[in-house]
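Every heavy atom of this structure was used, including side-chain atoms; hydrogens, water molecules and symmetry mates were not. Sequential numbering from 1 along the given sequence is applied to the chain's residues. Whatever order the structure lists them in is the order used to number ligands and atoms, beginning at 1.
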Amino acid sequence: MTGAVLLLLALGLVEGGGRCILNRTEEHCVCRELSEESVGSIVQCLPASVVEFWGGDLERYAALPIGDLQPSAIEILESLSIRKLVFGDLLVPEVLLARVLKLFSYTQVQELVFESCTFMGSSNWDEMAGRNLPITTLRFRNVTAAPVTGHEQGFSSLSRWLESLQELAVTGSRVTALPCAVGRVFGALRSLDVAHNGLADSGLAVAFCEGAFPQLRVLSLQRNNLTSYHGVCESLQLLHQLQHLDISQNRLRLTAHPTSSCQWPMSLQSLNLSHTGLDEMLTPLPPNLEVLDISCNHLRTLDISLGSLKTLLVSQNMLQDISFLRNCPMLEVLYLDDNLVSELPWDELRLLGHLRDIGAAGNPYNCSCSGAAGIQRLAATGHLGPAWPQDYMCHSPPRYRDILVKDVSVSVLQCNRAAVIAPICVILGILCVAGVVCLARSKYRLFQACRRAVKGP
Ligand SMILES: *[C@@H]1O[C@H](CO)[C@@H](O)[C@H](O)[C@H]1NC(C)=O
Ligand SMILES: *[C@@H]1O[C@H](CO)[C@@H](O)[C@H](O)[C@H]1NC(C)=O
Ligand SMILES: *[C@@H]1O[C@H](CO)[C@@H](O)[C@H](O)[C@H]1NC(C)=O
Ligand SMILES: *[C@@H]1O[C@H](CO)[C@@H](O)[C@H](O)[C@H]1NC(C)=O
Ligand SMILES: *[C@@H]1O[C@H](CO)[C@@H](O)[C@H](O)[C@H]1NC(C)=O
């Protein structure tokens, strides 16, 4: 027990009168503003798999003596079931962190999260050299002095561990650069999230230099300071394993080189371009894309041809028709809510045999017969989402304005006069001809009978 408490103490001892509360069903323990009196309540957290410490100041404990542990203490650390540790609203002296980090090698903690923390001072990480840790996921959210930048020396001591890290997130922390050497340390990293930072186009090529993040599958650059689509494409060319890329919420422009020959990694399956201020579609698109999110832009037309695309999200644009679907034969999911589409032609949609989830609410539908009938047929397939029928309104013709598409009567007689009238005319025509022939025949027979009568036997 002492070892476990020592670890938790070293990390969680903070000012105030708070305590720890364990939720047994969730195996989740949250400690707030612990004081010296209430620190005993940490013991409650021992059965938890997620433990959070919020509030306070660890500075006073920077000098805490954490020497070599007794075998009994090690045994207890090994028996702890904690998998995830969260530290929030804390001042973290790096000296303390460096000393405590090695204790983690005796635990099964897989995920370490620092949220709204300020890291202070610097430390010597030599003791960590060559040491491995079970932590595979490391997250920093809204931290000051993000340990990723400017700590090259520490990086080399920690490299044994960082080499095996799978997931890293440094979000909302004003990161403006990732040195090339940093990326090269993270040899096994599969997911990197650097959303909500200040990365610019120029810094990107450096961060993803030759040999950096060789195993990266998932990359989020959401909400940074990127402007050039081709710049992003060129900077990421060397990530040969990249599958998911999010560059949403950047102000992208088609910059100087529209004929850029950049090639996206062939492995790229999903691309998020939502909220990027686009008024025309960017090219080239990754050729093997399966998921494309371009919602919340200003697109009026869309010219794409993606043979493997399965999910297309284009809600909140200004698209007027869905002719672009012709070149996406494998489409399964299509969201085009809140555009300017007036028709969903059934003839075109039924050719997309894999389509099974469609969202198309909030468009100004033309409820002339064929228009309303097409949408009603689509609804009958059961593939229109939960917004049907209440969010599908007619916009034209004027007599149907603001009526639900569902309520427009599309009976054959009303809608397709030609279809009803043409057969009737044909039938009438045939009847007329038949009548005339009969009449002629009966007249002829009468004439013959008369002639016979006149001639006599
Ligand atoms: C534990 O968490 C569950 C799910 O969030 C919640 O329903 C329950 O009320 C919590 N229990 C306690 C004791 O807070
Ligand atoms: C970010 O962290 C600071 C303290 O470092 C805190 O005052 C602020 O509220 C945090 N912001 C968010 C959005 O969490
Ligand atoms: C983004 O870039 C602009 C101009 O390049 C600069 O003025 C601004 O400070 C940058 N923003 C961030 C968050 O770095
Ligand atoms: C794309 O990013 C936005 C946030 O910018 C997010 O809301 C959306 O869910 C993402 N799309 C996909 C397909 O993950
Ligand atoms: C609505 O559709 C009908 C029939 O296709 C067409 O004649 C009419 O011009 C359309 N109205 C609008 C406003 O697009």
Q: Can you name the atoms of ligand 4, numbered from 1 with element, that are less than 4.0 Å from a heavy atom of Leu313?
A: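 Answer for ligand 4: 13 (C).
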Q: Establish whether atom 11 (N) of ligand 1 and some protein heavy atom are separated by less than 4.0 angstrom.
A: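 Looking at atom 11 (N) of ligand 1, one finds that a protein heavy atom does lie closer than 4.0 Å.
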Q: Test Phe87 against every option in Trp54, Phe53, Phe140 by the ring pair (Phe, Tyr, Trp, His ring centres under 6.0 Å) rule and name the one that passes.
A: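 Exactly one pass, corresponding to Phe53.
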Q: For Phe114 together with Phe119, are the ring centres under 6.0 Å from each other?
A: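 Yes, they do, as the ring centres are separated by less than 6.0 Å.
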Q: Short list, please: which atoms of ligand 4 are under 4.0 Å from a heavy atom of Ser274?
A: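 Answer for ligand 4: 1 (C), 2 (O), 3 (C), 5 (O).
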Q: Who's the nearest protein heavy-atom neighbour of atom 14 (O) of ligand 4, and how far?
A: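 So the nearest neighbour among protein heavy atoms is Asn272 ND2, 3.9 Å.
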Q: In the protein, which heavy atom is nearest to atom 9 (O) of ligand 4, and how far is it?
A: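 Minimum-distance protein heavy atom for atom 9 (O) of ligand 4 reads Asp293 OD2, 4.6 Å.
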Q: Using the side chain to side chain contact (heavy atoms under 4.5 Å, CB included) definition, which of the options Gln241, Arg217, Glu167 pairs with Arg190?
A: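 Only one of Gln241, Arg217, Glu167 forms a side chain to side chain contact (heavy atoms under 4.5 Å, CB included) with Arg190, namely Arg217.
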Q: When you measure from the side chain of Asn339 to the backbone N and O of Val314, does any donor-acceptor pair fall under 3.5 Å?
A: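 Indeed, once roles are kept as given, a pair shorter than 3.5 Å links the two residues.
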Q: Report the nearest protein non-hydrogen atom to atom 8 (C) of ligand 1: residue, atom name, distance rounded to 0.1 Å.
A: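 Nearest neighbour among protein heavy atoms for atom 8 (C) of ligand 1, to 0.1 Å: Asn23 ND2, 3.8 Å.
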Q: Could you tell me whether Gln222 approaches ligand 4 through its side chain, its backbone, both or neither, with non-hydrogen atoms closer than 4.0 Å?
A: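 It is the side chain that gets close, since no backbone atom is under 4.0 Å.
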Q: Tell me whether His275 has any N or O atom under 3.5 angstrom from an N or O of ligand 4.
A: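 Looking only at distances, the answer is no, because the N/O contact criterion of under 3.5 Å is not met.
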Q: Within a distance under 4.0 Å of any heavy atom of Thr25, pick out the atoms of ligand 1 and give their elements.
A: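 Every atom of ligand 1 under 4.0 Å from some heavy atom of Thr25: 1 (C).
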Q: Could you state the interatomic distance from CG (Leu302) to SG (Cys328), rounded to the nearest 0.5 Å?
A: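 Leu302 CG to Cys328 SG: 7.5 Å, rounded to 0.5 Å.
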Q: Do me a favour and list the nearest non-hydrogen protein atom to atom 13 (C) of ligand 5 with residue, atom name and distance?
A: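 Nearest protein contact, heavy atoms only, for atom 13 (C) of ligand 5 is Ser396 OG, 3.6 Å.
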Q: Could you measure the distance from the CD atom of Gln110 to the CZ atom of Arg83? Nearest 0.5 Å is fine.
A: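 The distance works out to 5.5 Å.
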Q: Scan the protein's non-hydrogen atoms and note whether one is under 4.0 Å from atom 2 (O) of ligand 5.
A: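 Given the 4.0 Å limit, the answer for atom 2 (O) of ligand 5 is yes, a protein heavy atom qualifies.
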Q: Show me which atoms of ligand 4 lie under 4.0 Å from any heavy atom of Gln249.
A: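 Those atoms are 4 (C), 5 (O).
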Q: Tell me: protein heavy atom nearest atom 6 (C) of ligand 5, and distance?
A: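 Minimum-distance protein heavy atom for atom 6 (C) of ligand 5 reads Asn366 ND2, 4.2 Å.
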Q: Starting from atom 4 (C) of ligand 1, which protein heavy atom do you reach first, and at what distance in Å?
A: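 Of the protein heavy atoms, Glu26 OE2, 3.4 Å lies nearest.
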Q: Might you confirm whether atom CD of Glu75 has over 12 heavy atoms from other residues, nucleotides or ligands at distances under 6.0 Å?
A: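 It does not: Glu75 CD has 12 such atoms or fewer within range.
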Q: Considering only heavy atoms of Ser248, which atoms of ligand 4 have at least one such atom less than 4.0 Å away?
A: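 Numbered from 1, ligand 4 contributes 2 (O), 4 (C), 5 (O).
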Q: Any idea which of Pro397, Ser368, Pro364 brings a heavy atom closest to atom 5 (O) of ligand 5?
A: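 Result: the heavy atom closest to atom 5 (O) of ligand 5 is in Ser368.
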Q: Apply ring-ring contact (aromatic ring centres under 6.0 Å, His included) to Trp264 and Tyr229, showing your working.
A: CA-CA 11 Å; Trp264 289 103; Tyr229 180 73; 5.5 Å; yes
Q: So do Cys31 and Cys45 have their SG atoms closer than 2.5 Å?
A: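 Looking at Cys45 and Cys31, their sulfur gamma atoms do not lie closer than 2.5 Å, so the answer is no.
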Q: Give a yes or no on this: more than 12 heavy atoms of other residues, nucleotides or ligands lie within 6.0 Å of atom CD of Glu210.
A: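 Counting neighbours around CD of Glu210, 12 or fewer heavy atoms of other residues, nucleotides or ligands fall under 6.0 Å, so no.
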